[in-house]
Amino acid sequence: MLREESPVYWNKEQEFWALSRFDDIWAATQDHRRFSSAKGIVVGQDLAAGMGDLMPMMIMMDPPRHSALRKLVSRAFTPRRIAEMEGSIRATARGLLGAFIERGEVDFVHEYAGPLPTIVIADMLGIPNEDRQQFRDWSDRLVQVNPNDPASVEDATNAALGLYGYFTPMLAARRANRKDDLMSALLDAEVDGETLTEEELLGFCFMLLIAGNETTTNLISNTAQILSERPETLRTIAAEHSLLPAAVEEFLRLESPVQGLARTVTEDVELHGETMRAGSKVMLLYGSANRDEREYADPESFILDRKTERGLAFGHGPHFCLGAALARLECRVAYEELLSYVPDFALADGAERLLSGPVRGYKKLPITFEPTSISAR
């Protein structure tokens, strides 16, 4: 195991370091001076970094600019605003359920875990209903990119350009006619007395779509897999929905939707007898850290009432995920609604994992259950 034998590991083939212990990663996420995000957050062919000139994204910035931009967008994710979204999220979840629960089978990703966050983030940005499926397609192609496959990289690049081409005229339309959505709010936002540039606005929209969509999709999908493998836990939660908030934290820890992100060291860093040279990429393995026995007792087990003081599923420090509370809310509501109608389910044949380095989730996840109907509740 890397955590035991090589906590600072050098990957010769792709030329990057990997940190796998909880405390080391916890410290690195807070040390933006030595562990910089400005040169990309993915090891290998960094598509996001390649789009940086077109759409500079907050996730690939360091303080102080990052701090100023984060302060602006955080206004869309205040506890009050998130709480106000619960009713619409619940209605959306119920509507999605109504389309398949009478069949007794469903591709869980395609018809539930995927559409729910897509609709939520599209509503926030003011995306018309008729364009949501296209947005889902672009998002999937970006996250499912295989950096070692040139064709996959080209397809993801085309998806990114599609988003860029869509958002540009949409921003122009909002400038001429403001609406009650996040995009309009960003147009009026100021940093140090200056409004955001066109490129920064595009970067915000791009980042919110991808981060707000895929992370939550994978959280909801991974949860289905965890519960299907633990039928007793599934029945317990189905009978008592108040257990879901604590359960969501354990879902996040055990199957982190983002398994790791990269930083670039700005100076030589010595750790555990190794020296990471300035300019080197360092992969922060969140998934490993969240199973570190130094931080968690019996880390490989799902413990419903585990008392978790720290976690890295959403990162930590300056780049802690702004949408963490929204993702938790969406997952909780998704399962409160699902388990109200479908208290038991099982995985069917045909599950297919995503082929994406930092992301852990499913491309397809067929499940079966006893058919029912919304009116039966």
Side-chain angles (χ1 to χ4, degrees), residues 25-42 46 48-49 51-85 117 120-121 123-126 139 142 163 167 171 174 181-216 219 252 256-258 260-264 266 284 286 310-330 358:
I25 297 172
W26 187 263
T29 57
Q30 299 176 87
D31 188 358
H32 66 84
R33 185 183 63 81
R34 295 194 302 166
F35 292 85
S36 171
S37 301
K39 293 187 178 181
I41 55 171
V42 179
D46 197 337
M51 293 297 294
D53 291 338
L54 287 177
M55 297 182 287
M57 286 177 282
M58 188 174 66
I59 198 172
M60 292 190 294
M61 297 180 185
D62 293 322
R65 185 60 177 174
H66 168 270
S67 302
L69 294 179
R70 182 183 175 94
K71 185 177 180 180
L72 285 178
V73 76
S74 66
R75 297 170 186 169
F77 295 95
T78 63
R80 179 181 62 82
R81 284 181 178 268
I82 298 300
E84 289 173 349
M85 297 173 67
V120 171
I121 200 67
D123 283 345
M124 292 181 72
L125 287 170
S139 180
L142 281 162
L163 281 168
F167 279 133
L171 280 169
R174 290 295 187 276
D181 57 35
L182 181 56
M183 189 173 288
S184 297
L186 289 172
L187 282 165
D188 293 328
E190 293 185 359
V191 178
D192 298 329
E194 297 182 3
T195 58
L196 301 178
T197 67
E198 178 84 2
E199 291 75 18
E200 286 171 337
L201 287 164
L202 289 168
F204 266 130
C205 295
F206 187 92
M207 181 190 71
L208 288 169
L209 173 69
I210 303 304
N213 187 351
E214 295 298 337
T215 300
T216 309
L219 169 58
L252 285 163
S256 304
V258 177
L261 293 175
R263 299 290 189 267
T264 302
T266 59
L284 308 181
Y286 301 146
R310 304 191 296 177
L312 282 163
F314 291 112
H316 181 57
H319 286 282
F320 177 76
C321 178
L322 271 172
L326 178 58
R328 288 180 168 113
L329 172 63
E330 289 182 66

Quiz prompt | Verdict with reasoning, S37 to R263, per side-chain hydrogen bond (donor to acceptor under 3.5 Å, both in side chains) | solution = CA-CA 5 Å; S37 301; R263 299 290 189 267; 3.2 Å; yes

Practice problem: Of all the heavy-atom pairs spanning I82 and F77, show the shortest one and how long it is. | Solution: CG1-O, 3.8 Å

Self-check item: Atom pair OG1 (T216) and CZ (R328), whose distance is rounded to the nearest 0.5 Å
Solution: 11.0 Å

Quiz item: Do you know the tightest heavy-atom contact between M183 and L125?
Solution: CB-O, 3.8 Å

Quiz prompt | Donor-acceptor contact present, side-chain R174 to main-chain D181, <3.5 Å | solution = no

Quiz item: Is there side-chain contact between L186 and E200, with at least one heavy-atom pair below 4.5 Å?
Solution: no

Quiz item: Hey, are the side chains of L261 and H319 touching, using non-hydrogen atoms and a 4.5 Å cut-off?
Solution: no

Quiz prompt | Point-to-point distance, once rounded to the nearest 0.5 Å, from CZ of F206 to CG of L202 | solution = 10.5 Å

Quiz prompt | Working for side chain to side chain contact (heavy atoms under 4.5 Å, CB included), residues L326 and M124 | solution = CA-CA 12 Å; L326 178 58; M124 292 181 72; 3.9 Å; yes

Quiz item: Got F314 and L252 here, is their nearest side-chain heavy-atom distance under 4.5 Å?
Solution: yes

Self-check item: Pairwise distance CZ(F204) to CD1(I59) - rounded to 0.5 angstrom
Solution: 12.0 Å

Quiz item: What pair of heavy atoms forms the shortest contact from L208 to I121, and how long is it?
Solution: O-CG1, 3.4 Å

Quiz item: What closest approach, in Å, do A28 and F35 show between heavy atoms, and which atom pair accounts for it?
Solution: O-CB, 3.8 Å

Quiz prompt | side-chain hydrogen bond (donor to acceptor under 3.5 Å, both in side chains) partner of S36, chosen from D31, T264, T266, D62 | solution = D62

Quiz prompt | From C321 atom SG to H316 atom NE2, the distance as rounded to the nearest 0.5 Å | solution = 14.0 Å

Self-check item: Heavy-atom side-chain contact between H66 and H32 under 4.5 Å
Solution: no

Quiz item: What is the distance from atom CG of L69 to atom CE of M61, rounded to the nearest 0.5 Å?
Solution: 5.0 Å

Quiz prompt | For A327 against L219, the heavy-atom pair lying closest together | solution = O-CD2, 3.8 Å

Quiz item: When rounded to the nearest 0.5 angstrom, what is the spacing between CG in L322 and CE in M207?
Solution: 6.5 Å

Self-check item: Closest non-hydrogen atom pair, T29 against P318
Solution: O-CD, 3.2 Å

